[in-house]
Amino acid sequence: MTGKVKGNVNENYLNYVKTQEPPTKHFKNCAAAFGVGGLICCIGQFIRFMLEYAGLSGDELAGATSVILIFLGCFLTGLGVYDRIGRYAGAGSIVPITGFANSVTSPAIEFKTEGWIYGMAAKMFTVAGAIIVFGVFSGVLVGLVYYFI
Amino acid sequence: MGQEMLEIFLAFLKAFAVGGGICLIAQIIINFTDLTAGKILVYFMLAGVVLTAIGVYQPLVEFAGAGATVPISGFGYLLASGAMKGAEKGFFYAVTGSLSAASAGVTAAVVFAFIMALIFKSRTKRN
């Protein structure tokens with residue numbers, strides 16, 4: 001079989017697959033993402049109000065709020081609940097900070113079987129590592145720009 | 001009292017609308033481009049850094065509260081605003097400011113993930 005024919009076969013196959021797969025339900029997806037994402041932010045706002053009532057303020061308030069949300073994200077991931085929410089809500093569960101917690105916890109639990117150092121600890125940062133690398137690098141750039149301007 | 005209740009209600013409404021809106025943008029991008037979750041997280045975090053650096057994100061945080069700080073772009077906001085605050089104090093703090101500001105989030109994620117890995121076993125995904 002020559003490369004050209006093979007390419008055609010692949011193309012035909014992909015076109016066939018496209019006709020068979022269910023259409024993406026754009027509206028339903030988007031509504032679920034909006035609703036769940038908004039709801040998680042409301043939970044964050046609620047925690048914020050509670051902590052403010054308890055007497056926290058400023059950086060401490062913001063930090064404590066995200067720590068509690070991250071705990072909830074980690075715990076629900078451990079229970080297996082977060083992945084179920086994720087199947088329904090898509091970006092609504094990925095984008096909030098609880099999704100970040102999920103991306104750290106889920107490989108940590110899953111790769112435990114490959115050992116504690118190269119499994120659990122190393123795989124913990126498959127996604128979070130990328131966020132921290134680009135976050136720190138861009139943060140340093142912003143700091144330097146503001147320092148020299 | 002009524003005034004106060006209205007303000008609290010408005011705060012929740014704003015958090016819902018802005019936070020939901022950010023997730024909606026991400027969902028639209030996912031629907032039309034097949035970007036994976038990890039890439040979406042990195043791009044939104046970077047968007048938060050850039051928007052903070054040019055001064056757009058700070059007003060959004062003041063307007064929407066948790067609606068702007070809870071999405072991952074709020075993590076970028078934390079990094080960038082930490083760096084900007086540090087830059088006022090000196091060169092050393094300009095470089096270290098971003099990670100210092102984000103230390104609570106990173107520490108919490110690592111510690112809680114470790115604890116969860118101790119407690120829970122990997123489960124077969126029920127589809």
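Proteins get letters first, then strands, A, B, ... in listed order; numbering begins at 1 in each. Below, all heavy atoms of this structure are taken into account, side chains as well, without hydrogens, waters or symmetry copies.
- Interface residue A/Ile132: only side-chain heavy atoms are found under 4.5 Å from chain B.
- Atom CG of B/Leu78 is separated from atom CG of A/Asp59 by 8.0 Å, given to the nearest 0.5 angstrom.
- Most heavy-atom pairs under 4.5 Å with chain B: of the set A/Cys42, A/Ala108, A/Ala130, A/Gly63, this distinction falls to A/Cys42.
- Here the closest heavy-atom approach between residue B/Ala26 and residue A/Val95 is recorded as CB-CG2, 3.4 Å.
- With values rounded to the nearest 0.5 angstrom, A/Ile94 atom CD1 is found 13.5 Å from B/Lys39 atom NZ.
- As a member of the Ile/Leu/Val/Met/Phe/Trp/Tyr network built from side-chain separations under 4.5 Å, B/Tyr93 groups with B/Phe92.
- Residue A/His26 comes nearest to B/Asn31 through the heavy atom pair ND1-ND2, 3.1 Å, listed as atom of the first residue, atom of the second, then distance.
- Linking ILVMFWY residues whenever their side-chain heavy atoms come closer than 4.5 Å, directly or via other members, places B/Phe75 and A/Ile68 in the same cluster.
- Contacts with chain A were tallied for B/Ala80, B/Ala37, B/Gly38; B/Ala37 has the most, counting heavy-atom pairs under 4.5 Å.
- Contact count against chain A (heavy-atom pairs under 4.5 Å) is highest for B/Val49 among B/Ile25, B/Val49, B/Thr36.
- Under a 3.5 Å cut-off, the side chain of A/Tyr146 and the backbone N or O of B/Ala53 do form a donor-acceptor pair.
- For chain B, the option among A/Gly86, A/Gly44, A/Ser66, A/Pro96 with the highest count of heavy-atom pairs below 4.5 Å is A/Pro96.
- A side-chain donor-acceptor contact under 3.5 Å links B/Gln27 to the backbone of A/Ala91.
- Using a 4.5 Å cut-off between heavy atoms, A/Ala62 makes no contact with chain B at all.
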A/Val104 and B/Val110: side chain to side chain contact (heavy atoms under 4.5 Å, CB included), yes or no, with the steps?
-> CA-CA 7 Å; A/Val104 176; B/Val110 170; 5.5 Å; no

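- The nearest pair of heavy atoms linking A/Val140 to B/Val95 is CG2-O, 3.5 Å.
- Nearest heavy-atom pair across A/Gly35 and B/Phe16 is O-CE1, 3.5 Å.
- Residue A/Leu144 is grouped with residue A/Val136 when hydrophobic side chains (ILVMFWY) are merged at heavy-atom distances under 4.5 angstrom, including chains of intermediate members.
- Only the backbone of B/Ala64 has a heavy atom closer than 4.5 Å to any heavy atom of chain A.
- Proximity of B/Pro71 to A/Ile97: side-chain heavy atoms (C-beta onward) are nowhere separated by under 4.5 Å.
- The candidate from B/Gly90, B/Gly65, B/Gly86, B/Gly48 with the greatest count of non-hydrogen atom pairs under 4.5 Å with chain A is B/Gly90.
- Of the listed residues (A/Gly143, A/Gly73, A/Cys41, A/Gly139), the one with the most heavy-atom contacts under 4.5 Å to chain B is A/Cys41.
- The structure places CE of B/Met116 at 9.0 Å from CG of A/Leu76, a figure rounded to the nearest 0.5 Å.
- Here the closest non-hydrogen pair linking B/Cys23 and A/Ala33 is CB-O, 3.6 Å.
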Kindly determine whether A/Phe148 and B/Phe91 satisfy side chain to side chain contact (heavy atoms under 4.5 Å, CB included), including the steps that lead there.
-> CA-CA 9 Å; A/Phe148 285 113; B/Phe91 182 79; 4.1 Å; yes

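- Between chain B and the residues A/Val142, A/Val127, A/Ile40, the largest count of heavy-atom pairs under 4.5 Å involves A/Val142.
- Taking CZ of A/Phe46 as the start and CD1 of B/Ile8 as the end, the distance is 10.5 Å to the nearest 0.5 Å.
- No side-chain donor-acceptor contact under 3.5 Å links B/Lys121 to the backbone of A/Glu110.
- Ring pair A/Phe49/B/Phe12 is perpendicular by interplanar angle, where above 60° counts as perpendicular and below 30° as parallel.
- Residues A/Ile109 and B/Ala117 share a closest heavy-atom pair of CG1-CA, 3.9 Å.
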Between A/Leu72 and B/Phe112, does a side chain to side chain contact (heavy atoms under 4.5 Å, CB included) hold up when you go through it step by step?
-> CA-CA 9 Å; A/Leu72 289 175; B/Phe112 292 136; over 6 Å; no

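- Pairs of residues two or more places apart, or lying in two chains, that qualify as ring pair (Phe, Tyr, Trp, His ring centres under 6.0 Å) and include a residue from residues 74-97 of chain A are A/Phe71-A/Phe75.
- The distance from atom OG of A/Ser106 to atom CZ of B/Phe120, rounded to the nearest 0.5 Å, is 13.0 Å.
- For the atom pair CG (B/Leu41) and OG (A/Ser103), the distance works out to 6.0 Å, reported to the nearest 0.5 Å.
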